[in-house]
*Asks:* 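Before anything else, here's the structure in question.
For clarity, every value in this text was computed on a predicted model and none was experimentally measured. These values consider heavy atoms only, across backbone and side chains, with no hydrogens, waters or symmetry-generated copies.
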Amino acid sequence: MAVCKARFVSSLTKAGSRIPLQFSRCQSGYFVLLPELPNDTEETNPVLCKNGPVDYEKVSASHCFNAVSKLAIENESTVIKLEQPMNVENLKALPEIFDSLEKDGAQLETAWNVSRTTRIVNASQMDSEVFQKIQSKVRKAKGSKFQSRPLHATCKNLLNEDLAAPEKALLKKYVREGKMNGLELSEKGLSAVKQNMAKLEEAKSAYRNRVKVSTEKFQHLIGDKEMMKDFPSDLLRAMAMDKNKPSQGPWCVTLEGHILPRFLEYCPDKEQRWNAWLANRSRASSGSVQQGNNNAEVGNIRARRLDQAKHLGFQNYVEMSLDSKMAESIDSILSRFKMINEKAKPAMDKEMEELQNFAAEKGHSEQLQLWDIPYWRRLKKRAQYSCDEGEVREYFPLPKVIQGVLSLTEEMFGITIHEDKNASSWHSDVKLYKVRDENGEDLGHFYLDPYLRPGAKLLSRSQKGWVIPERPFSALNRMKPSATLVFNFPPPLHGLPSLLTFEEVQAIFKNVGFVMQLLLTKSPYHEINPINNAPWEAVEAPGEFFQLLSMDATIIERISSHFESGYSIPADIVNKLVNSQRHMSAFDLCNEMYLAHFDLECYSSKKYWLDITKKLWAEYMSFPLDGEDSHPCSFVDIFSENWAASYYCHLWARMIGADIFAAFQEAGLNNSAQFKDVGQRLRNTFLANSGMQDSNELFRQFRGRDFNPDALLTVCGLKKTKKH
């Protein structure tokens, strides 16, 4: 008797109505219930464009929705076809498995990333509800191939074959993802994993929503112009109730990422600082009962993740996370932390003593508290290095910085980057740059959307902008990689170019480094490109390295000039900028280690989270823990987002980036031939093969050894550097 299976793949049109379903007869008596495909084509829907720049000028939210709906159905249909018994028996080699999956998957990833770009650069065009529906479709469709027992079994059998590196990496990914989805368990075990995952998602959503409500609930109005007199104009505008009169007030203090950190830096009133700091550190805790308490939810999430790990054969969630990371074990991570902390903690104590003395000289007689540090740190930095932000900006006009960073990148990697002035985009300010190798072969392209557009563009939580991978490199689809750089710099005004702070200059460096990783990959399959398959430490490392380039005096001079006179930036300003980047670096390093260690401890032990907090706070920080500080209740990165048991990756990437930077320093950053030689070696090892080969081995190919944490201590000014 034929078995009738029905797999429902729901789809919505832009109006929210259901796309009609149709029956499709499959082999071996299976019936599969599939939606009717949207009739969009490459000619009618710009999101379906396979080659060349997407015509964003014509892209709409409905185009994004229909393209993703169509491609999601095609992806899931391909998996269904491959799962049929007759097809599985014929899968003797990789092409039969992966060609169709690659064809559909790379196109779906492109449509998803075009949707993300549209949402970020023109939020008014795509509301959050439509975007969430698109995201849900993508998540379901992309996961279907990793939830197929027949595909998993076939890939596992083929692992023993003699294969090239890309195919081997692709098989390993499919096998690993299948294992993480419970495909090596019995039906009973798989059912338990799915039930646990569903409950985990519910807990994460509840945690996230409480933090969101608590964040949005806090609003504090300030009408005192004297208090706000030293605030920079862009911050006043962001806080002003009347955006057309940013200097008039009143101004609203919120807990949003683009407001709170800078408010704490500029607010001279300690009571106002304390009020905002406490509101932030007590979000979704017992101190904010009306907005809900995440105290119990933290324990619930930890328990769910522990159950998930144990079901899949791991001792704890950290061990499970490290299965796909560069770090070998929690012990190896903590041993590096211990080595760094031996240098950083005493240095932090000295930094805090100096800051306390500085504040006392300025009339602050009380002991500094955590909410005081941002304000007094900024004042001390300004006094110590005498860098006037307005004067510094004059030497960093955006066009000069972009030209300088791209020229440096060209020299380093032996590529050419040129602007396509005829390309269309979503806004007249946006530029498109095409990248070619030394032989003139097209490597891909990227967009640059530099300026703030209030009400249109989303604001990045980190204030450092967005990098959005767009089209992945896919040999089968003949796709060249592309990406989008999105910033919120002040636009040109009264005929003057946009003038950048040094922190904004560093953001450009960091994000260009990330884009180069996307464009210089040689991975022929989109599933094993750096973003989709490299360990997270390796994904972040190129950006960290590029940011460190901005700490070199020669490079600062190269990317700067006065916006009016064209004169070079004075040497004394350059030296102050370089030295100022190390200001209170030990404090930042200790705080980062505390957060990373807290994350690891939460997911490797059953201790109560507050006990973990108290123990590690004393180990890394110079301040007593405030009695009302409940920051784990709003630590969304590790409890409701993707960084659980992975927060250490940020610091690991900084170590790797610092060691890459050290390689260039040893060769000589002003030695053109050596600079190019090291750049080519970096390109041909760590960048080209990231995602296809083991990242630790790739680093050894580049550096001749494992990475050395001392390099990070050196760039932070905590270890004396050797002269090269």
*Asks:* Examine the side chains of S424 and D55 and answer whether a donor and an acceptor come within less than 3.5 Å of each other.
*Replies:*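 Yes - a donor-acceptor pair under 3.5 Å links their side chains.
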*Asks:* Considering non-hydrogen atoms only, spot the tightest contact between P542 and G513 and give its length.
*Replies:*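 Nearest pair, atom of P542 first, then G513: CB-O, 3.8 Å.
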*Asks:* Look at atom NZ of K431 and say whether more than 12 heavy atoms of other residues, nucleotides or ligands are closer to it than 6.0 Å.
*Replies:*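 Counting other residues, nucleotides and ligands, NZ of K431 stays at 12 neighbours or fewer.
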*Asks:* With sequence neighbours left out, write down each residue that passes side-chain contact (heavy atoms from CB on, under 4.5 Å) with R436, or none if nothing qualifies.
*Replies:*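 side-chain contact (heavy atoms from CB on, under 4.5 Å) list for R436, sorted by chain: T416, H418, D442.
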*Asks:* With a 4.0 Å cut-off on N to O distance, would you call R377 and D588 a salt bridge?
*Replies:*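 Salt bridge present between R377 and D588.
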*Asks:* I'd like to know if R654 and E592 make a salt bridge, using a cut-off of under 4.0 Å between side-chain N and carboxylate O.
*Replies:*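 Looking at E592 together with R654, the answer is yes, because their closest N to O distance falls below 4.0 Å.
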*Asks:* Any chance you could measure F707, atom CZ, to F699, atom CZ, to the nearest 0.5 Å?
*Replies:*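 Taking CZ in F707 and CZ in F699, the distance rounds to 7.5 Å.
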*Asks:* Other residues, nucleotides and ligands only: do more than 12 of their heavy atoms fall within 6.0 Å of NZ on K58?
*Replies:*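 For K58, atom NZ is not crowded (no more than 12 foreign heavy atoms under 6.0 Å).
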*Asks:* With no hydrogens and no angle check, just 3.5 Å: does a side-chain donor-acceptor pair link N122 and S124?
*Replies:*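 The criterion, which ignores hydrogens and geometry beyond distance, is satisfied for S124 and N122.
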*Asks:* Considering all heavy atoms of both residues, which atom of F587 and which atom of E351 are nearest to each other, and what is their separation?
*Replies:*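 Taking every non-hydrogen atom into account, N-OE1, 3.0 Å.
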*Asks:* Can you tell me how far the OG1 atom of T714 sits from the NZ atom of K719, to the nearest 0.5 Å?
*Replies:*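 T714 OG1 to K719 NZ: 6.5 Å, rounded to 0.5 Å.
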*Asks:* So V505 and V405, side-chain contact (heavy atoms from CB on, under 4.5 Å) or not? Walk me through it.
*Replies:* CA-CA 9 Å; V505 171; V405 173; 5.8 Å; no
*Asks:* Do you know the tightest heavy-atom contact between N533 and G691?
*Replies:*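 Between these two residues, the closest heavy atoms are ND2-O, 2.7 Å.
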*Asks:* Parallel, tilted or perpendicular for F487 and F489, by the 30°/60° rule?
*Replies:*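 The arrangement is parallel - the two ring planes meet at less than 30°.
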*Asks:* Is it the case that N532 and E109 place a side-chain donor and acceptor less than 3.5 Å from each other?
*Replies:*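 The answer is yes; a qualifying pair exists.
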*Asks:* Which distance, rounded to the nearest 0.5 Å, do you find between the CG of L406 and the CD of E411?
*Replies:*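 Separation between the atoms: 13.0 Å.
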*Asks:* Is the ring centre of H562 less than 6.0 Å from the ring centre of Y567?
*Replies:*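 Ring centroids of H562 and Y567 are no less than 6.0 Å from each other.
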*Asks:* Determine whether the aromatic ring centres of F131 and W112 lie less than 6.0 Å apart.
*Replies:*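 Under 6.0 Å, so yes.
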*Asks:* Go through it in stages, so that I can follow the logic: the residues are S60 and H63, the test is side-chain hydrogen bond (donor to acceptor under 3.5 Å, both in side chains), and I'd like the CA-CA distance, side-chain angles, deciding distance and then a yes or no.
*Replies:* CA-CA 5 Å; S60 66; H63 284 135; 3.0 Å; yes
*Asks:* If you compare all heavy atoms of F686 against all heavy atoms of A541, which two are closest, and at what distance to 0.1 Å?
*Replies:*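 Closest approach of F686 to A541: CE2-CB, 4.1 Å.
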*Asks:* Report, as yes or no, whether the 6.0 Å neighbourhood of atom NZ on K381 holds more than 12 heavy atoms from other residues, nucleotides or ligands.
*Replies:*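 Counting other residues, nucleotides and ligands, NZ of K381 exceeds 12 neighbours.
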*Asks:* How about F396 and F502: are their ring centres within less than 6.0 Å of each other?
*Replies:*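 When the ring centroids of F396 and F502 are compared, they turn out to be within the sub-6.0 Å range.
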*Asks:* If you measure from CD on Q506 to CD on Q547, what distance do you get to the nearest 0.5 Å?
*Replies:*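 If we round to the nearest 0.5 Å, Q506:CD and Q547:CD are 5.0 Å apart.
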*Asks:* Applying the side chain to side chain contact (heavy atoms under 4.5 Å, CB included) test to T554, which of N670, V574, L549 qualifies?
*Replies:*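 Testing each of N670, V574, L549 against T554, the sole residue satisfying side chain to side chain contact (heavy atoms under 4.5 Å, CB included) is N670.
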*Asks:* Please give me the minimum heavy-atom distance between R237 and P246, naming the atom from each residue.
*Replies:*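 In this case the closest contact between R237 and P246 is CA-CB, 3.7 Å.
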*Asks:* Could K480 and E441 be called an ion pair, given the rule that one side-chain N must be under 4.0 Å from one carboxylate O?
*Replies:*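 Counted as a salt bridge, because a side-chain N and a carboxylate O are separated by less than 4.0 Å.
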*Asks:* With a 3.5 Å cut-off and sequence neighbours excluded, list the donor-acceptor pairs that the side chains of residues 443-455 form with protein atoms.
*Replies:*
from, atom 1, to, atom 2, distance (Å)
Y447, OH, V54, O, 3.2
D449, OD1, R453, NH1, 2.9
D449, OD1, K457, NZ, 3.3
D449, OD2, W426, NE1, 2.7
D449, OD2, R453, NH1, 3.4
D449, OD2, R453, NH2, 2.9
R453, NH2, V121, O, 3.2

*Asks:* I need the T521 OG1 to N689 CG distance, nearest 0.5 Å.
*Replies:*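 One finds 7.5 Å between OG1 of T521 and CG of N689.
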*Asks:* Closest heavy-atom contact between R471 and C49?
*Replies:*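 In terms of heavy atoms, the two residues are closest at NH2-O, 3.1 Å.
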*Asks:* Would you please test T484 and V467 for side-chain contact (heavy atoms from CB on, under 4.5 Å) and show each step?
*Replies:* CA-CA 6 Å; T484 301; V467 178; over 6 Å; no
*Asks:* Rounded to the nearest 0.5 Å, how far does SG of C252 lie from CD1 of I259?
*Replies:*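 SG of C252 is found 7.0 Å from CD1 of I259.
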*Asks:* Do W643 and W536 have their ring centres less than 6.0 Å from each other?
*Replies:*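 Here the rings of W536 and W643 have centres that are less than 6.0 Å from each other.
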*Asks:* So do I134 and C64 actually touch side chain to side chain, heavy atoms under 4.5 Å?
*Replies:*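 Sidechains of I134 and C64: in contact.
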*Asks:* Tell me, yes or no, whether the heavy-atom count around R382 atom CZ, taken from other residues, nucleotides or ligands under 6.0 Å, exceeds 12.
*Replies:*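 Count not over threshold, so no.
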